[in-house]
Amino acid sequence: MHRITPFLLVAFASFTSAVPSPRSTHVLHERRAMEPVEWAKISRLEADSILPMRIGLAQQNLHLVEEMLTAVSHPESPKYGQHYSAAEIVDTFKPSEETVQAVTNWLVNAGISRDRLQLSLNKGWIHVNASTAEAEDLLKTEYHVYMHPSGAKQIGCHNYSVPAHVQRHVDLIKPTVHFNHQAGDDFARRKLDTEPLTDIVSGPIVAGDASDASIPANLVNCDKQITLACLRALYKIDYTPVSTHVNTFGIVELTPQAFLPGDLDLFFKNFVPSLIGVRPTPVLIDGAVVQNTSQSFNSNGESSLDLEYGMGLTAPQPIILLQTGDLVEGGRFDNWLDAVDGSFCTFEGGDVPGEDGIYPDSIGSPQSCGIIKPPNVISTSYSQDEATATLAYAVRQCTEYAKLGMLGTTVIYSSGDNGVGGRNNVCLDVHDNEDPTNGTTFNPRFPAACPFLTAVGATQVNPGSTVDDPEGACEQVIFSGGGFSNIFAMPSYQALAVNDYVNAHLTPSPYPVGTYNTSGSRAFPDIAANGANYVIGVDGTLSLVFGTSASAPVVASVITLINDARIAIGKGPVGFINPVLYSPIFAPAFNDIVTGGNQGCGTPGFNATPGWDPVTGVGTPNFPRLLDLFKSLP
Ligand SMILES: *[C@@H]1O[C@H](CO)[C@@H](O)[C@H](O)[C@H]1NC(C)=O
Ligand SMILES: *[C@@H]1O[C@H](CO)[C@@H](O)[C@H](O)[C@H]1NC(C)=O
Ligand SMILES: *[C@@H]1O[C@H](CO)[C@@H](O)[C@H](O)[C@H]1NC(C)=O
Ligand SMILES: *[C@@H]1O[C@H](CO)[C@@H](O)[C@H](O)[C@H]1NC(C)=O
Ligand SMILES: *[C@@H]1O[C@H](CO)[C@@H](O)[C@H](O)[C@H]1NC(C)=O
C-alpha cells in the first residue's frame, strides 16, 4: 500500500486547496489567558507524534431552552407536565447537519481523508488521530511539551485558530489550550482554591444528652432547636408517602463530605425510630467512596444534615445518595450532572480542568456518564461565588439544569450563607484587577444564580416566638444568600415579582451605582425554609447547625411529598417549579416572610418585604395548600 507521510499529505493539501488559501482566512478561536503556574515549557512536540484530536461541534437550538422549559413547567401552559424524553432533548440540541458538514469539509479539504474521521454517538464530536504536523497546520499553532516539578508531563498549545467560515460550527478542539493542572502540589493547591465548601456553619454543640430535644415532640423550643416536629408544625406537613416504589429523591454529596452510619442512627433513635438501621441508596459517581477515614464536622456535617432531614421528612421514601468524586479529584457540580445525563459528559466541550473533577484520573476512577436516570427531585447544598465561575462554565452548567427540568426533574440548590456577600464574606471590587475581592460590590452565589433551578434561602423562628408565629429571614449565625446575577438575564417567570420589588424598594437605589446588578438580571432566591438551629447527629453527638444547607433539603422533601401525591393520582412529577412558585394563583401557598434581611459587604443587604424579595423569595411553603394546588395541575 502506498503510504504518504503526514508531511507530504499536508503539503499536497495546501497545493490543491481552493483560493483563497485557508491559511489567510484563519481566525483565533481560543487562547490561554496565562501559562499554567509551575508547568515549564520544555520542548516542541515531535512532528510525528499522534494526537487524539476531538473537535467539539456547536450545538443547535440553544436559544429555545427557556421556551421549551416554560412550555412544560408554566402552570398555564397547555403542555404543563408533559416532559420531554432524553432522546428528544439530545435530538433538539445536537449539532446540525450543516455543522457536521462544514467541519468535515474543512478537515477533508485540508487533506485528512474522510475515513479517518469518526462522529461520536451523540453527534457532538468529530474524532481524528492526527500527527502533530497535521494538527499544527490545521490550527495554525505550535504544540509544546510541558513539565511539572513532580515529573508529570502534558502537551498543549497557547492558542489556536480555525478558518473563519468554520468558527461558528466549532465549540472547542482538544487537546489544545485546555490544561489539566492535576499533578502533585499544584493539584493540591487547586483543590484548596476552588473546592466549594459547604454552606454549613457549625453552631454551639448541644448537650450530649439529647433528652431535651427528643420525642415526644417538644414544640416549645423551636426558636432554639429545630427538629422534624418543628418543621412539620411550621409548614403543616402531615403526609405519609404511598408511591415510594415509583417516586425518586436524590441528595448530592461531594466527596470527601460523607455520612457515618452511626450518626444517622443517633438522629433516628431520637427523632424517627422507624428509620433506625435504614440507609440511603448510594450511587457512587466517578469512583466515589463514602469515606470514613476523615471524621470531623467539616467531613460529616453536611451529609448528616441533608440525609437526616431528607430521610426524616419523607420516610419511608428511599433516598438516593449521589455521592460524587473519589478522594483524589473530588467532585463538583458537573460531575453529578454527568452521572444523571450521559450526553452532558461531552456537551459543549465536556468537563473543565480547574473547575470540575477530571475523570478518569490518576488512580483510574472512571468517568461516570449517565449511570442513573435523574431522580424526580435532586437537592444540593453546595455553592461557589458566581464570580469564580467562568462564563462558559456557568452557562453550560445552567443549560443542563434547564434540560433536567425539561426531563421532569426538580433541581434544588441552597442560596448561600453570607447574605449579599460571597464565601468568607468576600465582596467584589470590579475596578481593581489586582485584587478584585476586596470591595463593596455584592457577590452572588452560583449555581443559585442560574435561572433554571430553584434557589432556597433561609428563615428562622424569631427568638421568643413559636411555630405559630410568622418566621423572619434568618439572622442568626448566617444570612440568606440573595441578590442579582452578573451572568444571567432575568427569566420571564419572575419578571413581574422582581420588578415589583425593585420599584417599591430599590427605586431609587439605597446603594451606590455598581453595588449590585440593576440591568435586569436573574434575581434569587426563589423560595425559603427554616435554616437556624437544626439538631443533627454528627460525629457521635447531637449538634446545632445553621444554613441554607438545611433549607434546601427541606424544600426538596416538600416537593418529593407533592410528587408522591401526584403519582398516586396518576399524574407525573412536577419538574421545574419556578414558573409555578411565581404564579399569582400559587401565592396563597406560601407564608410570605416580611421581616429581617440579608446583610453583607458592610451593608444591611436587602430586606424581606411583602411579596417576593431577594432574601426569602416567595416565602416558605404552606404544605397543604401547595399540595392541593399542585394536585390540581395536569
Ligand atoms: C485513534 O487511535 C486509537 C489508538 O490506536 C484508536 O483506539 C482509536 O479508535 C483511533 N480513533 C480514530 C478516530 O481513528
Ligand atoms: C499564539 O501563540 C503563539 C505561540 O505559539 C504566540 O507567538 C502568539 O503571540 C499567540 N497569539 C495570541 C493572539 O495569543
Ligand atoms: C469504614 O468503612 C469501611 C468500608 O465500608 C468499613 O469496612 C469500616 O468498618 C468502616 N470503619 C468505621 C470506623 O466505621
Ligand atoms: C481591603 O481594602 C481596605 C480599604 O479599602 C484596606 O484597608 C485593606 O487593607 C484591604 N485588605 C486587603 C486584604 O487588601
Ligand atoms: C449584569 O448582569 C447582566 C446579565 O443579566 C450582564 O450582562 C452584565 O454584564 C452584568 N453587569 C455587571 C456590571 O456585572
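Atoms within each ligand, like the ligands themselves, are counted from 1 in listed order.
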Mind checking what makes side chain to side chain contact (heavy atoms under 4.5 Å, CB included) contact with C369, not counting sequence neighbours? C345, Q367
I'd like a table of the close N/O pairs between ligand 2 and the protein (anything under 3.5 Å), one pair per line with both atom names and the distance.
from	atom 1	to	atom 2	distance (Å)
ligand 2	2 (O)	N159	OD1	3.4
ligand 2	2 (O)	N159	ND2	2.3
ligand 2	11 (N)	N159	ND2	2.9
ligand 2	14 (O)	R31	NE	2.9
ligand 2	14 (O)	N159	ND2	3.2

Under 3.5 Å donor-acceptor, Y382 side chain and F333 backbone: no
Would a line drawn from the ring center of F93 to the ring center of F347 be shorter than 6.0 Å? no
Any N or O of Q295 closer than 3.5 Å to N or O of ligand 3: no
Geometric class of the F271/F267 ring pair [parallel <30°, tilted 30-60°, perpendicular >60°]: tilted
Is any N or O atom of R116, backbone or side chain, closer than 3.5 Å to an N or O atom of ligand 1? no
Answer yes or no: is there a donor N or O on one side and an acceptor on the other, between the side chain of Y160 and the main chain of I173, under 3.5 Å? yes
Is R279 positioned over the aromatic face of F259, cation under 6.0 angstrom from the ring centre and no more than 45 degrees off axis? no
Numbering as shown, the atoms of ligand 1 that approach Q118 to under 4.0 Å (heavy-atom distance): 13 (C)
Going through the checks in order, is the side-chain hydrogen bond (donor to acceptor under 3.5 Å, both in side chains) test met by N300 and D263? CA-CA 9 Å; N300 308 119; D263 288 341; 5.5 Å; no
